[in-house]
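Fair warning: this is a prediction, and the values are worked out from it, not measured in the lab. Only heavy atoms go into these numbers, but all of them, side chains included; no hydrogens, no water, no symmetry mates. Reminder, nothing fancy here: chain letters follow the sequence lines and each chain counts from 1.
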Amino acid sequence: MSEEKKSLNFIEQIIEEDLANGMSKNDLRFRFPPEPNGYLHIGHTKAIGISFGLGEKYNAPVNLRFDDTNPAKEEQEYVDAIKRDIAWLGYKWDKELYSSDYFQQLYDWAIQFIKEGKAYVDSQSSEAMAEQKGTPTQAGVDSPFRNRSVEENLDLFNRMKNGEFDEGAHILRAKIDMKHPNMLMRDPIMYRILKKHHHRTGDTWCIYPMYDWTHGESDYVESISHSLCSLEFKPHRELYDWFLDQVVVEGTIRPKQREFARLNLSYTIMSKRKLLQLVEDHIVTGWDDPRMPTISGLRRRGYTPSAIKKFVETVGVAKRDNVIDVSLLEFCIREDLNKIAPRVMAVLDPVKLVITNYPEGKEEWLEAENNQEDDNAGFRKIPFSKELYIERDDFKEEANSKYFRLSLGKEVRLKNAYIIKGESVLKDARGNISEIHCTYDADSLSGTGTDASLRKVKGTLHWVSIKHAIKAEVREYDRLFMDEAPDSYQDKNFMEFINPNSLKIIDAFLEPSLLEAKVGDRFQFQRLGYFSIDEDSTSKHLVFNKIVGLRDTWAKQEAVQETNKPSEKVSQSQQNQPQRNAIDVIQQLGKKYTNLPEAKQLKAKADIQELAENVSYEELSPLFATASKKVGTRIAAMITLGVLLNKGLSKNAEINDFIQKALQDSDSLLISEAEAVS
RNA sequence: UGGCUUAUGGUGUAACUGGCAACACGUCUGGUUUUGGUCCAGAAGAGUCUAGGUUCGAGCCCUAGUAAGCCAACCA
């Protein structure tokens with residue numbers, strides 16, 4: 001129980017402060033307010049995690065409120081999908097609510113606004129109004145309708161509500177300030193005429209409230225204490241507060257809007273509009289395509305709720321723009337699946353392996369551990385026979401000592417089975433390997449405890465018995481975009497970065513135990529990665545999605561070797577070796593110099609003096625400009641200068657300046673070094 | 001000639017509210033291993049955007065710059 005160490009994010013700090021200032025814990029209440037105009041994606045998961053997470057932390061209710069003020073875009077399908085996704089993540093909302101529940105209350109308040117002279121009906125075209133609104137750097141001007149009488153406004157608004165006007169003929173605006181530096185405060189629109197069927201209120205209304213007018217008041221009606229949203233709503237806060245000022249009654253909970261930076265993921269896009277385009281252009285098969293960053297896509301891909309929650313937790317909450325590396329998401333899912341996914345064997349790119357000294361027709365059912373990370377996972381039987389498939393990548397006719405897999409004359413272990421030795425290969429007319437022949441050591445069977453079974457060999461391969469193997473379709477996914485930030489360019493469309501090879505369909509061979517697997521089951525295909533059964537599967541035709549590969553340091557090594565071979569890209573690998581310029585090392589020593597105890601300081605000084613022998617004046621002189629507060633670096637530079645002067649360097653104006661400034665410093669170490677050279 | 005916000009290793013987030021920068025991912029070593037996975041041990045990488053200032057002491061406070069993001073939909 002050592003939770004006190006965990007630091008609070010800035011939102012938690014605000015809440016703690018409110019609590020300290022007398023707010024009752026019972027008054028804490030949050031909400032998640034999606035617009036039902038698209039599917040939830042991984043970015044929303046952050047917002048969900050923040051508000052629902054706070055609810056869990058403080059044991060406070062969290063409402064799910066659909067922000068459904070625009071019937072032109074919103075649909076029941078999205079409501080259902082959103083509820084499904086949040087429930088799947090494992091969060092429980094207190095009440096399921098809709099902004100449309102408050103249409104009447106909002107309308108009543110609007111009437112009150114008109115009566116108090118705080119709102120008016122404008123009857124211009126949207127173009128005219130946009131022009132009057134000005135620009136961020138230029139004040140707006142008042143509408144000619146701004147000073148209509150209360151009676152006229154009331155009459156017009158009433159007739160708007162009754163459907164007497166066409167869309168666009170009139171709107172209701174709050175009367176605030178057309179010269180306000182915040183554009184949102186320049187008489188924002190509260191209502192527009194929309195003769196559309198609403199998924200909940202049907203045809204009851206033909207005027208619909210705008211977001212700004214609706215959101216804060218809905219929070220208020222629900223007694224939301226903290227209304228958390230992403231950063232782009234920061235400018236809206238002023239208006240949110242202005243609207244609240246007009247209606248909040250003393251002694252009630254006044255909601256507080258606070259903003260955090262939204263989540264961005266490298267190599268993906270987060271805009272609902274753009275995601276919709278991928279669906280409509282059939283780049284993907286739907287919102288739940290396993291390549292999509294939607295929650296439903298991740299679910300179908302095989303991600304677990306706990307991995308996603310862990311991810312969101314790890315990412316943190318702050319106010320600066322960020323791009324999270326996908327490797328973190330992958331880490332979270334691997335970490336989770338490593339503990340829970342049963343291991344099985346599957347061969348995705350088969351080559352036939354024949355064990356020449358294994359009896360014809362013999363078969364054995366060998367014992368295999370389901371998950372060595374889980375003591376309760378148990379064991380299963382897998383069939384072994386003379387003819388197997390192994391991975392094409394797992395064999396090379398000749399290989400160096402770095403290659404741990406099968407090659408001619410070398411031994412490897414077949415996982416859960418025997419040790420084999422490569423003997424010969426058969427090739428087809430084009431020279432491709434069609435069969436590998438090997439011999440096995442009959443005494444080496446896994447788990448028998450014989451000396452032979454205990455022998456250590458370099459590599460272990462996964463395999464599957466040809467006769468017993470079941471065929472399955474495996475869908476392997478790659479990132480949808482080839483650019484790290486596909487929608488960050490003004491001059492390029494994100495569609496230009498679509499990865500044409502984001503889906504690869506593979507005919508794979510699996511061990512027969514998989515015949516019993518059900519849709520949604522997740523497995524580790526040993527040495528390959530994590531896979532889950534897709535809902536397209538039938539009893540005759542299994543379909544797997546690759547969730548994520550295993551961490552693969554071998555593939556990485558190979559890639560490095562490749563790039564290093566043609567040209568001498570040695571510099572890259574040297575970068576990590578302590579092969580640095582003397583001056584850089586000196587600078588480094590300097591950084592820590594003032595923090596060192598005296599004995600180490602002396603050693604550092606000696607090191608610097610030694611290194612200084614290999615430093616030219618041209619390398620040193622830039623350090624003269626070091627900021628005055630970086631005392632350590634200046635000391636190191638001074639010591640180095642001493643060495644150069646000793647070697648016959650003559651002083652110039654630059655050097656004298658540097659020394660003079662050091663002599664006037666407050667740091668005694670620096671002064672004494674400066675005195676030593678002056 | 002606007003307003004608001006942000007700035008800490010490659011990435012993300014910390015730093016007990018002023019006491020010489022920590023955690024996670026990633027990278028690299030080494031060990032264990034019947035998964036080149038996991039696990040274990042370790043390393044490299046940041047004087048905290050710049051320049052001043054206050055202070056015994058600044059990533060935290062002040063001033064001035066710089067850079068990035070957001071704001072002109074009858075969208076949310």
Q: Only counting residues at least two apart or in another chain, list the ones meeting side-chain hydrogen bond (donor to acceptor under 3.5 Å, both in side chains) with Ser126(A).
A: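 None.
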Q. Looking at residues at least two apart in the chain, or sitting in another chain, which of them share a side-chain hydrogen bond (donor to acceptor under 3.5 Å, both in side chains) with Asn264(A)?
A.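 With neighbours one apart ignored, the set is empty.
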Q: Summarise protein proximity over nucleotides 69-76 of chain B in one line of letters, 5' to 3': B for base, S for sugar-phosphate only, - for none, counting protein heavy atoms closer than 4.0 Å.
A: S--B-BBB
Taking atom [atom2] of [N] as reference, at what distance in whole Å does atom [atom1] of [X] sit?
X         : N      : atom1 : atom2 : result
His180(A) : C4(B)  : NE2   : P     : 10 Å
Asn322(A) : A7(B)  : CG    : C1'   : 13 Å
Gln372(A) : G37(B) : CD    : C1'   : 9 Å
Leu329(A) : U11(B) : CG    : C1'   : 14 Å
Phe260(A) : U13(B) : CZ    : P     : 13 Å
Asn9(A)   : U13(B) : CG    : C1'   : 10 Å
Ile42(A)  : G12(B) : CD1   : P     : 17 Å
Gln257(A) : C4(B)  : CD    : P     : 17 Å

Q: Return the orientation label for the Phe66(A) and Tyr98(A) ring planes: parallel under 30°, perpendicular over 60°, tilted otherwise.
A: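 Parallel: the ring planes of Phe66(A) and Tyr98(A) meet at under 30°.
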So what does [X] touch, heavy atoms closer than 4.0 Å: a base, only the sugar-phosphate, or nothing?
X         : answer
Gln13(A)  : base
Val317(A) : sugar-phosphate
Lys456(A) : sugar-phosphate
Gly590(A) : base
Phe331(A) : sugar-phosphate

Examine [N]: is either OP1 or OP2 under 4.0 Å from a nitrogen or oxygen in the side chain of [X]? Give yes or no.
X         : N      : answer
Arg320(A) : U13(B) : yes
Ser7(A)   : U13(B) : no
Lys319(A) : U6(B)  : yes
Arg237(A) : C4(B)  : no
Arg551(A) : U38(B) : yes

Does [N] pair with anything, Watson-Crick or G-U wobble, both distances under 3.5 Å, and if so, with which nucleotide?
N      : answer
A58(B) : none
C28(B) : G42(B)
C75(B) : none
U50(B) : A64(B)
C16(B) : none

Salt-bridge contact [X]-[Y] (side-chain N to carboxylate O under 4.0 Å):
X         : Y         : value
Arg146(A) : Asp122(A) : no
Asp441(A) : Arg455(A) : yes
Lys310(A) : Asp336(A) : no

Taking the same atom, [atom1], in [N] and in [M], what whole-Å distance lies between them?
N      : M      : atom1 : answer
A41(B) : C56(B) : C1'   : 41 Å
G37(B) : A43(B) : C1'   : 22 Å
C25(B) : G9(B)  : C1'   : 13 Å
U33(B) : C39(B) : C1'   : 9 Å
U50(B) : U66(B) : C1'   : 7 Å
C28(B) : C60(B) : C1'   : 33 Å
A51(B) : U5(B)  : C1'   : 23 Å
C71(B) : U1(B)  : P     : 24 Å

Q) Does the Asn371(A) side chain pair with the main chain of Ala377(A), one donor and one acceptor, at a distance under 3.5 Å? A)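 It does not hold such a pair.
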(Q) Taking Glu232(A)'s backbone N and O only, do any of them form a donor-acceptor pair with Ser230(A)'s side chain (distance below 3.5 Å, no angle check)? (A)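 No, because the side chain of Ser230(A) does not come within donor-acceptor range (under 3.5 Å) of the backbone of Glu232(A).
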Q: Flag the pair Leu348(A) / Phe531(A) as yes when at least one side-chain heavy-atom distance between them is below 4.5 Å, and no otherwise.
A: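 Side chain of Leu348(A) against side chain of Phe531(A), heavy atoms only: contact under 4.5 Å found.
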(Q) If you define the side chain from C-beta out and look only at heavy atoms, does anything of Arg31(A) sit under 4.5 Å from His215(A)? (A)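 The answer is yes; the side chains approach within 4.5 Å.
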Minimum-distance nucleotide to [X] side chain [options: [options]]:
X         : options                : value
Arg527(A) : U48(B), G36(B), G37(B) : G36(B)
Gln524(A) : G2(B), C4(B), U35(B)   : U35(B)
Gln526(A) : G36(B), U35(B), C25(B) : U35(B)
Arg343(A) : U35(B), U13(B), C25(B) : U35(B)

Q. Side-chain donor or acceptor of Glu373(A) under 3.5 Å from a matching atom on the base of G37(B)?
A.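 Answer is yes: a donor-acceptor pair is held.
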Q) For U17(B), does the O4'-C1'-N9-C4 (purine) or O4'-C1'-N1-C2 (pyrimidine) torsion place it in syn, i.e. within 90° of 0, or in anti? A)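 Because its glycosidic torsion lies within 90° of 0, U17(B) adopts the syn conformation.
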Q. Under the criterion side chain to side chain donor-acceptor pair (under 3.5 Å), which of Glu74(A), Lys272(A), Lys73(A), Arg273(A) is the partner of Asn37(A)?
A.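 It is Lys272(A), the one option of Glu74(A), Lys272(A), Lys73(A), Arg273(A) that forms the side chain to side chain donor-acceptor pair (under 3.5 Å) with Asn37(A).
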(Q) Both Val315(A) and Phe525(A) contact RNA chain B. Taking the nearest nucleotide for each, which residue is further toward the 5' end? (A)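 First, find each residue's nearest nucleotide; the 5'-ward one identifies Val315(A).
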